[in-house]
There are 2 protein chains.
Amino acid sequence: MLKYEMIVNDLQKRIMNEEFEENHKLPTEEKLIEEYKVSRNTIRNAIKILTNLGIVYSVQGNGMFVRAPKKKGTVYLNSTRGVTTDNPGNKIINKLLDIQVIETDEKLSQQMNCKLGTPVYYLKRLRIVDGVPYALERTYYNKDIVPYLGKEIAEGSIFRYLKDDLKLSFGFADKYLTAIKLSKEDAQLLNLNENDPAIMINDNIHLSNGLLFNTSNIIYNYQTTNFYSVAQ
Amino acid sequence: MLKYEMIVNDLQKRIMNEEFEENHKLPTEEKLIEEYKVSRNTIRNAIKILTNLGIVYSVQGNGMFVRAPKKKGTVYLNSTRGVTTDNPGNKIINKLLDIQVIETDEKLSQQMNCKLGTPVYYLKRLRIVDGVPYALERTYYNKDIVPYLGKEIAEGSIFRYLKDDLKLSFGFADKYLTAIKLSKEDAQLLNLNENDPAIMINDNIHLSNGLLFNTSNIIYNYQTTNFYSVAQ
DNA sequence: TAGTGGTCTAGACCACTTT
DNA sequence: AAGTGGTCTAGACCACTAG
């Protein structure tokens with residue numbers, strides 16, 4: 001693991017263990033340099049990442065501070081963390097409602113930035129957290145990049161499969177949010193009523209080489225989910 | 001102006017002028033070092049900022065690329081840009097519906113991280129873009145930090161007043177998003193119907209010393225507004 | 001193999017806050 | 001005045017991509 005990654009993880013653990021609860025202050029850069037035996041830039045890189053995640057903030061001439069913790073069930077928009085991380089300690093079930101291989105039509109090929117007729121997996125999943133419908137997800141995976149995707153994978157963690165088994169390396173994701181009225185069918189699946197409000201996210205995940213491999217529409221239960229974003 | 005700030009601004013201009021349209025590729029780091037006569041780290045810092053804004057992305061061993069442009073009317077969640085920047089070229093009217101000085105009750109003083117009874121400005125504004133109701137905003141400003149706020153300021157750009165006249169320096173903002181059903185009164189103001197969906201953002205803006213000086217609830221018209229966020 | 005971005009180091013000086 | 005984070009430089013070596 002890279003040095004700065006190790007430091008990010010370690011500091012996150014130390015923050016969760018409430019090591020800096022007293023005055024919410026982290027050790028100074030100088031102390032962190034000694035503790036981790038790295039250069040100043042490496043410390044600053046790690047702190048920058050924690051800042052972008054909304055976990056700490058820095059004040060020139062004063063110090064670095066732990067931010068107020070976020071509520072459980074909050075979706076972090078600035079990182080691709082996955083439902084498991086957003087809902088720590090809760091039981092997550094993925095109900096597969098549909099899975100098939102189709103060829104992209106004009107609209108989808110444009111959206112996925114691939115040739116017309118490219119084979120893609122289409123998945124429809126209902127994600128359930130502690131027995132309560134959490135989100136309804138419709139996802140397309142480019143089959144050139146994800147050659148196989150089965151029921152057994154779709155009901156577990158697709159994320160882990162892509163990362164660990166297919167060794168895909170994620171780059172960045174574009175997320176577009178809108179408020180919508182629920183259709184009758186979607187409302188039924190989410191245990192809500194037709195025309196109830198919902199937040200729909202159009203999520204476009206790119207590999208680290210910039211290729212888009214996945215586009216999905218996720219409709220969230222407005223009663224149980226809220227979203228968090230940091231602006232700098 | 002700082003070097004990296006200048007480079008960020010200049011590259012943004014060059015991107016908007018479609019200088020890199022041919023293959024969406026930016027000059028290499030080495031070329032940018034020559035062009036701007038700065039060190040590699042300064043270039044990399046500037047590029048990092050543009051990456052976090054969702055404007056460019058980098059591919060190791062290959063190059064740096066311009067991202068697809070976002071639609072107009074899209075609110076960028078990762079930066080505090082203001083309505084004017086999110087709606088370039090459109091006419092923006094701020095209708096002041098209420099303005100008063102009150103003292104914080106328990107709930108508000110906790111939310112604003114200040115003492116009970118602290119005087120705060122309360123403003124209610126309807127923001128209108130090209131004649132169409134865009135957002136309904138209820139904001140509290142800590143009067144210890146913003147000693148004066150008048151009608152004439154509230155109907156113009158409060159943001160500019162705080163930055164240029166009061167010389168406040170913004171640090172970071174926490175944004176919490178939820179989907180809600182519109183109340184009857186709010187719906188009327190936004191030219192929508194009761195129980196229509198809306199996105200409500202609870203926006204907490206901090207100064208660069210970490211002090212929270214402003215908390216607001218903004219309700220957006222779901223028909224005209226969408227939101228954008230990058231995850232890395 | 002050459003080119004390009006990613007990680008890491010060491011050190012100088014500046015800007016701001018606290019004492 | 002002392003302490004702490006912010007900006008900037010110069011240079012080394014690594015990892016990945018493309019020809």
Side-chain angles (χ1 to χ4, degrees), chain A residues 1-11 20 22-52 55-67 145 167-172 206-211 213 232, chain B residues 1-11 20 23-52 55-67 145 167-172 206-211 232:
Chain A
M1 193 181 318
L2 296 170
K3 288 187 184 182
Y4 75 88
E5 279 181 340
M6 193 278 285
I7 296 169
V8 165
N9 292 340
D10 193 60
L11 284 175
F20 315 117
E22 197 183 333
N23 50 6
H24 293 180
K25 209 165 187 172
L26 293 172
T28 64
E29 291 185 348
E30 203 176 3
K31 278 184 195 137
L32 291 175
I33 289 167
E34 285 169 25
E35 286 181 24
Y36 292 109
K37 305 286 178 209
V38 295
S39 75
R40 185 161 175 229
N41 277 346
T42 300
I43 292 295
R44 287 181 62 76
N45 188 14
I47 293 292
K48 190 67 179 293
I49 290 168
L50 291 171
T51 302
N52 287 335
I55 293 171
V56 305
Y57 67 92
S58 305
V59 179
Q60 188 172 11
N62 192 345
M64 305 183 290
F65 301 86
V66 177
R67 307 263 291 271
I145 300 172
K167 311 279 183 209
L168 294 181
S169 137
F170 301 101
F172 55 91
H206 302 253
L207 300 178
S208 52
N209 63 7
L211 272 182
F213 86 101
Q232 321 277 357
Chain B
M1 194 182 317
L2 296 170
K3 289 187 182 180
Y4 76 88
E5 278 181 341
M6 192 278 283
I7 297 169
V8 166
N9 292 340
D10 193 60
L11 283 176
F20 315 117
N23 50 8
H24 294 176
K25 209 165 185 170
L26 293 171
T28 63
E29 291 185 347
E30 204 176 5
K31 278 182 193 139
L32 292 174
I33 289 167
E34 285 169 25
E35 287 182 23
Y36 291 109
K37 307 285 178 208
V38 294
S39 74
R40 186 163 174 227
N41 277 346
T42 300
I43 292 295
R44 287 182 62 77
N45 188 14
I47 293 292
K48 189 68 180 290
I49 289 168
L50 292 170
T51 303
N52 287 335
I55 292 170
V56 306
Y57 66 93
S58 305
V59 179
Q60 188 172 11
N62 192 345
M64 304 182 292
F65 302 86
V66 177
R67 306 265 290 270
I145 300 172
K167 311 279 184 211
L168 294 180
S169 137
F170 300 102
F172 55 93
H206 301 254
L207 300 178
S208 53
N209 64 6
L211 271 183
Q232 322 278 356

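Here is the naming used below: chain letters follow the sequence lines, and residue numbers restart at 1 for every chain. This one's a predicted model, so the numbers in the text were calculated from it and none came from an experiment.
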- side chain to side chain contact (heavy atoms under 4.5 Å, CB included) involving B:Gln60 - partner list, sequence neighbours excluded: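 Here no residue qualifies.
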- Message: My understanding is that only residues two or more places apart in sequence, or in another chain, count here; which of them pass side chain to side chain contact (heavy atoms under 4.5 Å, CB included) with B:Ser169?
- Response: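 Scan of B:Ser169 (side chain to side chain contact (heavy atoms under 4.5 Å, CB included), adjacent residues dropped) gives B:Ser208.
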In whole angstrom, give the distance that lies between atom [atom1] of [X] and atom [atom2] of [N].
{"X": "A:Phe65", "N": "D:dT4", "atom1": "CZ", "atom2": "P", "result": "11 Å"}
{"X": "A:Met6", "N": "C:dT7", "atom1": "CE", "atom2": "C1'", "result": "14 Å"}
{"X": "A:Asn45", "N": "C:dT9", "atom1": "CG", "atom2": "P", "result": "11 Å"}
{"X": "A:Ile49", "N": "C:dG6", "atom1": "CD1", "atom2": "P", "result": "12 Å"}
{"X": "B:Ile7", "N": "D:dC8", "atom1": "CD1", "atom2": "P", "result": "8 Å"}
{"X": "B:Glu29", "N": "D:dC16", "atom1": "CD", "atom2": "C1'", "result": "14 Å"}
{"X": "A:Arg44", "N": "D:dC8", "atom1": "CZ", "atom2": "P", "result": "11 Å"}
{"X": "B:Leu32", "N": "C:dG6", "atom1": "CG", "atom2": "P", "result": "13 Å"}

Is the distance from OP1 or OP2 of [N] to the nearest side-chain N or O of [X] less than 4.0 Å?
{"X": "B:Tyr4", "N": "D:dC8", "answer": "no"}
{"X": "A:Lys31", "N": "D:dT4", "answer": "no"}
{"X": "A:Lys25", "N": "D:dT4", "answer": "no"}
{"X": "B:Thr42", "N": "D:dT7", "answer": "no"}

- Does the side chain of A:Leu11 reach to within under 4.5 Å of the side chain of A:Ile47, using non-hydrogen atoms?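 Yes - at least one pair of side-chain heavy atoms lies under 4.5 Å apart.
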- Base-paired stems that DNA chain D participates in, counting runs of 3 or more Watson-Crick or G-U pairs under 3.5 Å: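 Paired runs of 3+ in DNA chain D: C:1-18 with D:1-18.
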- Which one, C:dT7, D:dG5, D:dT7, comes nearest to the side chain of A:Ser58?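 Selected nucleotide (nearest to the side chain): D:dG5.
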- Message: If the condition is ring-ring contact (aromatic ring centres under 6.0 Å, His included), which residues does A:Phe170 pass it with, not counting sequence neighbours?
- Response: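 Expected list: A:Phe159, A:Phe213.
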- Mind checking what makes ring-ring contact (aromatic ring centres under 6.0 Å, His included) contact with A:Tyr57, not counting sequence neighbours?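 Testing A:Tyr57 for ring-ring contact (aromatic ring centres under 6.0 Å, His included), a comparison that skips the adjacent residues, returns A:Phe65, B:Phe172.
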- Using side chain to side chain donor-acceptor pair (under 3.5 Å) as the criterion, list what pairs up with A:Thr51, not counting sequence neighbours.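 If we apply the side chain to side chain donor-acceptor pair (under 3.5 Å) test to A:Thr51, skipping adjacent residues, there are no hits.
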- Can you name the side chain to side chain donor-acceptor pair (under 3.5 Å) partners of A:Asn41, sequence neighbours left out?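 Side chain to side chain donor-acceptor pair (under 3.5 Å) list for A:Asn41, sorted by chain: empty.
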- Could you tell me whether A:Glu5 atom CD has more than 12 heavy atoms of other residues or ligands within 6.0 Å of it?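 Atom CD in A:Glu5 is packed in, count exceeds 12.
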- Mind checking what makes salt bridge (charged side-chain N to carboxylate O under 4.0 Å, His left out) contact with B:Glu35, not counting sequence neighbours?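 In terms of salt bridge (charged side-chain N to carboxylate O under 4.0 Å, His left out), with neighbours along the sequence ignored, B:Glu35 is linked to B:Arg14.
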- Query: Looking just at side-chain N and O atoms, do B:Asn62 and B:Lys25 make a donor-acceptor pair shorter than 3.5 Å?
  - Reply: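 Short answer, yes.
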- Between B:Pro27 and A:Glu5, who's closer to the 5' end of DNA chain C by nearest nucleotide?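 Closest to the 5' end, via its nearest nucleotide, is B:Pro27.
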- Message: I want to confirm an ordering. Mapping A:Ser39 and B:Met64 to their closest nucleotides on DNA chain C, which one lands closer to the 5' end?
- Response: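 Closer to the 5' end of DNA chain C: B:Met64.
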- For nucleotides 11-19 of chain C, just jot down a letter per nucleotide in 5' to 3' order: B, S or -, based on protein non-hydrogen atoms under 4.0 Å. -B--BBBS-
